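Residue indices begin at 1 and follow the sequence shown. Whatever order the structure lists them in is the order used to number ligands and atoms, beginning at 1. This one's a predicted model, so the numbers in the text were calculated from it and none came from an experiment.
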Amino acid sequence: MRKRRMFSTALLSLAMGLSMFSTGAFAETTNQSEKASVQDSYRVLIQAPNSEKAKLQSNYEVHRNFGKEGFTTTVNEKQYEALKKNKNIQIEKVEKVEIQAKSPIKATASPSTQVPWGIKAIYNDSSLTKSSGGDGIKVAVLDTGVDKTHVDLVQNVEQCKNFTTSSTYVNGSCADRNGHGTHVSGTVLANGGSNGQGVYGVAPEAELWAYKVLGDNGSGYSDDIAAAIRHAADEGTRTGSKVIVSMSLGSSGKDTLISNAVDYAYSKGVLVVAAAGNSGPSSNTIGYPGALVNAIAVAALENVQSNGTYRVADFSSRGNPATAGDYVIQERDVEVSAPGASIESTWPNGRYNTISGTSMATPHVSGLAAKIWSLNKSLSNVQLRTELQNRAKAYDIKGGIGASIGDDYASGFGFPRVR
Ligand SMILES: [Ca+2]
Ligand SMILES: [Ca+2]
């Protein structure tokens, strides 16, 4: 078995076919398809005419069925090469997607502060002692799962589902053996804990839908993510709820399944927030799904003042300079920025940790969106997005490489805040 590879902070190492799974995730892959060897397996999307489809599906176990968009399965190199020769079908590798965070520092039993700097910054209140708001808003965090018994989160966990192991999902299963999902969930809605000793997120009364779409190593497949996005939208419709999909993940490549799922969710009234990526500071390094027009791409700010404002972190992926400056969002534009460096939040086993990344910036915006929406439930997702943009314009970011007065390709419209 290939040894676990250490990730760089960025998603640049996403070369297709590289095996980046830890031992735990290997086991999951093996369960899904005994037919493919673990060493060189790919998740692929196959589109085929009905006659051909039946034959293929008897030979290759279907992982997910997307109807007209095709179906996904896991194949090895040899099978992949053979399928590529079949002129009757279209086959493409499914994009691998990763968390957008650097290595965590060190888990601790208690937080160094109950109100982390990012929460104070987004509230624009340096003496804030607790946060509030978000009641009734569902925040679907698509990530590595969550520690649903963490004292700071337990009251807010409403759904817990695993999309990585079956052709639908496993209800009640969202164990987080990575830490990333627990961390970003805490930034959205940690409530200080039932013991009153924990940390606060931005919107501590919002409800968490913990959708596990990434394995224990922080990597996952686009088909599972697309399925979870669609499920969040359908659950919003079924329950008559306002839903925010928060994705602290990304890849350098655009994926059709995720793009279509984001468009679907957006059309159903869901607000979609995603990390810009950690491949900065060069221009045009923004990752997907953040780069999609219907997703809000979030850049990361450091707790450092530069040029009179917070500073965009060097690692934060930049958008396209050619389409910046106009306060209009096109594909590959950064939309807003939020605290994403040295962020303290919840960690599995009731602990706390401090991490940096656009992964950490994203849940600040998702939490703010929940807080605003909870107070203005008549807003559509599009109106809520405009409100976030207007708040960002009110706090322009001018610090960091590529940041300047007005809409820029490093920070987007600026830093949206509570007030
Ligand atoms: Ca633009
Ligand atoms: Ca600016």
- Assign the ring pair Phe415 / Tyr395 to parallel, tilted or perpendicular, where the plane angle (0 to 90°) is split at 30° and 60°. perpendicular
- Query: Is Gln159 close to Glu235 at the side-chain level, that is, under 4.5 Å between some pair of heavy atoms?
  - Reply: yes
- Message: Let's test this: below 3.0 Å, count the protein N/O/S atoms around the Ca ion (ligand 1).
- Response: 4
- Is the shortest side-chain N to carboxylate O distance from Asp224 to Arg43 below 4.0 Å? yes
- Query: Just by distance, do the side chain of Arg318 and the backbone of Asn284 share a donor-acceptor pair under 3.5 Å?
  - Reply: no
- Query: Judged by atom type as modelled, is there a donor-acceptor pair below 3.5 Å linking the side chain of Trp209 to the main-chain atoms of Lys161?
  - Reply: no
- Query: Is the side chain of Ser345 donor-acceptor paired with the backbone N or O of Thr187 at a distance under 3.5 Å, no angle test?
  - Reply: yes
- Item | the Ca ion (ligand 2) to Asp396: nearest N/O/S atom name | OD1
- With no hydrogens and no angle check, is any side-chain donor or acceptor of Ser316 less than 3.5 Å from a backbone partner on Val312? no
- Specify whether an N/O/S atom of Ile405 falls short of 3.0 Å from the Ca ion (ligand 2). no
- Item | Atom of Asp408 closest to the Ca ion (ligand 2), considering N, O or S atoms | OD2
- Item | Metal-centred angle, O of Ile397 through the Ca ion (ligand 2) to O of Gly406, rounded to 10 degrees | 170°
- Should Trp347 and Ile355 count as side-chain neighbours, where that means a heavy-atom distance under 4.5 Å? yes
- Message: Within 3.0 Å of the Ca ion (ligand 2), is there any N, O or S atom belonging to Ser404?
- Response: yes
